[in-house]
Every structure is written in C-alpha cells, then in structure tokens.
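Presented below is the structure to which this report refers.
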Amino acid sequence: MSKLRILYVASEINPFLQTSEVANFVRALPQAMQEKGMEIRILVPRFGLINERKNRLHEVVRLSGINISVGEEEKPLIIKVASIPNAKLQVYFIDNEDYFQRKSVFFDKQEKFYEDNDERAIFFCKGVIETVKKLGWAPDVVHCNDWMTSLIPLYLKTTYKNEPLFKDTKSVFTIYNNGFNHKFGDDLLEKVKMVDIDDSILAPLKSKDYEGFLKIGMEYADVVIKGDEISDSLNQIIEECSKDKKCEINNEDEEEQLFESYYNIYTDLAG
C-alpha cells in the first residue's frame with residue numbers, strides 16, 4: 001500500500017513565524033504523521049517577518065513563474081523552500097512582492113487590518129493548488145488551517161475537480177479563534193470566482209467578513225475540526241454550518257492520543 005499523502009496549509013509555522021497556536025500545531029502534527037509513515041508537504045505564505053537569510057529560504061525556480069489571477073489582475077507567484085531544523089521536513093513558501101513583503105502579517109503597525117487581506121488569501125489559496133500541480137504530487141488529504149486557507153476546499157470541489165491530480169483529494173478545515181472585524185469590499189465575490197464558480201456557490205461568503213470565510217471553508221471541506229479555545233459565537237456557527245461533517249477532536253488529550261485521532265481521520269477520509 002502506498003503512503004498516504006497529506007498536504008498541510010496554514011498562514012504560519014514554527015520556527016519561521018508564530019502569531020498564534022496555529023504555528024505550533026502545524027509544526028508538530030506533520031512530523032508526527034511523517035513518523036507514522038505518511039508523506040508530507042507543507043505550504044505557508046512568505047510573510048515579510050520571515051527572515052530569509054536566517055531561515056535559509058531559497059527560491060525554487062522550477063516552481064516559480066506562474067501568474068495567479070486575482071480579480072482583473074495577474075500577479076507572479078514565487079516559490080521558496082526551507083528545511084525545518086532537526087526534522088526531515090521541508091516547508092514551501094508562497095511569495096509575491098505586492099502581497100507578502102510587508103514586515104507584518106494581517107495588521108499594520110497602527111493595528112489597522114490590511115484592506116487587501118482578501119486578495120492575499122485568494123492569491124495564497126490559488127498559489128497553493130498551482131504549486132502542488134507543478135510538483136505533480138497528488139495529495140490524499142489537504143489539511144487547511146484557519147481562515148486564510150478556507151478557499152482551498154471550494155476550489156478543489158469546483159475549478160480543480162476534474163484535474164487528475166485532485167480527483168480523489170479530500171479536505172479538512174480546522175477553525176481557530178483568530179477572527180477580525182473587517183468587512184471586505186463588494187468586489188470580493190468577483191475576485192474569488194474561477195471557472196465553474198458562480199454566485200450561488202459563493203453564498204456562504206456573501207457577508208464578506210471573517211465568518212463568511214469560515215462558512216465557505218466549512219461548506220466545501222469534507223471534515224471540519226475545532227481548534228483550541230473556540231469562542232461561544234464561533235462554536236454556534238460551527239454547529240449550524242457543519243453538523244454533518246464536524247469531527248470532534250479532544251484537544252485536552254495527551255499528544256500521542258491527539259496525533260492518533262488525526263491519523264484515523266486521514267486514513268478514514270482517504271478510504
């Protein structure tokens with residue numbers, strides 16, 4: 001039996017960047033799954049806070065050079081890679097000068113939410129799928145973490161559903177307490193659209209806010225998981241939107257039990 005292939009997608013990972021619990025989770029779980037015999041890939045954005053020299057990032061020329069459309073514009077995709085110290089894991093970084101060169105993540109120095117965070121998320125999600133295509137690596141499961149990755153389950157179920165590489169791919173979406181109060185512009189849905197995506201498909205995103213991104217992720221993911229310390233209001237949204245696909249993970253479990261739970265979820269999903 002061939003190894004299960006798991007793709008992890010997140011906005012951060014230790015030791016390159018940490019702004020929340022996501023970074024620790026995405027550092028520990030892939031290594032644990034690799035040790036259980038799974039084949040792993042990890043993709044994150046190359047936010048400007050990540051020191052390229054210190055972390056030994058270098059461009060992967062054979063993967064770079066694609067243009068990603070966001071609304072009316074096309075932006076060049078640059079792929080970089082680095083190894084996690086003391087682990088046999090590589091991390092691929094999605095980069096673009098306009099979106100990821102700033103020395104902060106989602107908020108500027110005055111704590112103002114970047115107006116184009118929607119475009120950054122769209123570029124990232126499309127860039128992830130196109131990078132995996134270029135790698136020629138067919139994931140059995142794509143594990144998406146947090147709101148910035150929420151469009152990937154949608155794209156896999158629509159635009160990319162007939163791609164041979166993704167025909168059997170399942171997706172997991174984990175929700176964390178990393179919300180924001182910003183409402184995006186009226187052109188959000190137009191920017192998100194791709195082939196085979198119309199307004200009805202994007203209905204969960206019509207609120208154009210944090211909840212909208214969560215709802216679109218939950219609508220199209222095969223499994224929905226709650227991260228640590230979810231607020232009551234978030235809990236209610238999860239209950240309403242994903243009753244039939246919610247997977248209960250006990251985050252209080254000992255690490256080994258927790259990893260075993262994820263192992264079982266992946267193997268069940270992959271059939």
Side-chain angles (χ1 to χ4, degrees), residues 6-14 16-27 29-30 40-47 68 70 77 79 91-96 99-100 105-106 114 116-133 139-160 166 169-180 184 188 191-192 194 197 202 204-205 209-228 230 234 237-238 241-242 245 247 262 265-266 269:
I6 313 295
L7 171 66
Y8 289 93
V9 191
S11 56
E12 56 185 286
I13 181 172
N14 262 335
F16 305 103
L17 176 67
Q18 177 168 20
T19 68
S20 74
E21 62 178 297
V22 179
N24 290 329
F25 177 77
V26 180
R27 168 65 187 86
L29 186 61
I40 305 298
R41 295 283 186 278
I42 304 166
L43 275 94
V44 298
R46 208 292 291 180
F47 287 115
I68 301 291
V70 181
L77 172 67
I79 303 298
V91 178
Y92 290 92
F93 295 85
I94 300 281
D95 202 359
N96 171 268
Y99 290 140
F100 299 118
V105 181
F106 298 122
Y114 287 121
D116 65 350
N117 277 333
D118 57 342
E119 294 186 10
R120 297 166 93 204
I122 293 163
F123 181 90
F124 177 62
C125 290
K126 289 181 178 181
V128 164
I129 297 174
E130 288 296 335
T131 301
V132 173
K133 264 181 71 177
D140 295 295
V141 179
V142 180
H143 190 155
C144 302
N145 293 275
D146 214 2
W147 75 272
M148 194 184 188
T149 69
S150 63
L151 299 174
I152 291 174
L154 160 73
Y155 289 146
L156 289 174
K157 285 265 174 35
T158 53
T159 308
Y160 292 92
F166 301 116
T169 300
K170 305 294 186 190
S171 61
V172 175
F173 182 44
T174 298
I175 294 170
Y176 301 85
N177 232 9
N178 294 331
F180 53 81
F184 293 108
L188 172 63
K191 288 189 282 196
V192 169
M194 290 184 78
I197 298 176
L202 295 177
L205 194 57
D209 56 7
Y210 173 66
E211 288 185 9
F213 272 90
L214 294 191
K215 285 175 180 175
I216 201 91
M218 287 190 278
E219 176 77 20
Y220 292 98
D222 295 290
V223 166
V224 175
I225 296 172
K226 291 188 288 188
D228 282 355
I230 291 291
L234 258 188
I237 293 166
I238 295 167
C241 297
S242 62
K245 52 177 77 168
C247 238
Y262 279 100
I265 287 170
Y266 298 150
L269 261 181

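We use all heavy atoms of the structure for the numbers below, so side chains are in, but hydrogens, waters and symmetry mates are not.
Ile237 is listed as a side-chain neighbour of Met218, based on a closest heavy-atom distance under 4.5 Å. Side-chain contact between Leu205 and Leu154: absent, with no pair of heavy atoms (C-beta onward) separated by less than 4.5 Å. Inter-residue side-chain proximity for Phe166 and Val132 is flagged as met; some heavy-atom pair is nearer than 4.5 Å. Using a 4.5 Å heavy-atom cutoff, the side chains of Lys157 and Glu219 are not in contact. Side chains of Val192 and Tyr155 form a contact here, defined as non-hydrogen atoms less than 4.5 Å apart. You'll find the side chain of Tyr160 reaches within 4.5 Å of the side chain of Met194, heavy atoms only. Residues Ser11 and Val105 have side chains not in contact (no heavy-atom distance under 4.5 Å, counting atoms from C-beta outward). Within the 4.5 Å cutoff, the side chain of Tyr220 has no heavy atoms near those of the Leu151 side chain.
Side-chain contact check for Asn24 and Arg27: no donor-acceptor pair (N or O, by modelled atom type) lies under 3.5 Å. For the residue pair Glu119 / Tyr114, no side-chain donor-acceptor distance below 3.5 Å is found, with atom types taken as modelled. Between Tyr176 and Asn145, the side chains place a donor N or O and an acceptor N or O closer than 3.5 Å (distance only, hydrogens not considered).
Between Asp209 and Lys215 no salt bridge is recorded (no basic side-chain N to carboxylate O distance below 4.0 Å).
For the atom pair CG (Leu43) and CZ (Phe124), the distance works out to 6.5 Å, reported to the nearest 0.5 Å. In this structure, CG in Asp222 is found 12.0 Å from CD1 in Ile265, a value given to the nearest 0.5 Å. Interatomic distance, Thr131 OG1 to Leu77 CG, rounded to the nearest 0.5 Å: 4.5 Å. To the nearest 0.5 angstrom, Ile94 atom CD1 is 11.5 Å from Phe47 atom CZ.
Side-chain atoms of Lys126 do not come within 3.5 Å of backbone N or O of Ile68 as any donor-acceptor pair. Ser150 places no side-chain N or O within 3.5 Å of a backbone atom of Leu214 that could act as its donor or acceptor partner. Within the 3.5 Å criterion, the main-chain N or O of Leu7 finds no donor-acceptor partner in the side chain of Arg41.
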Open item on the list: For Asn178 and Phe106: C-alpha separation, side-chain torsions, deciding distance, then whether side chain to side chain contact (heavy atoms under 4.5 Å, CB included) applies.
Closed with: CA-CA 11 Å; Asn178 294 331; Phe106 298 122; over 6 Å; no
Task: Steps toward ring-ring contact (aromatic ring centres under 6.0 Å, His included) verdict (Tyr262, Phe25) - done: CA-CA 12 Å; Tyr262 279 100; Phe25 177 77; 5.4 Å; yes
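You'll find the ring centres of Phe93 and Phe100 outside the 6.0 Å limit.
In the displayed structure, Lys191 atom NZ is contacted under 6.0 Å by more than 12 heavy atoms of other residues, nucleotides or ligands.
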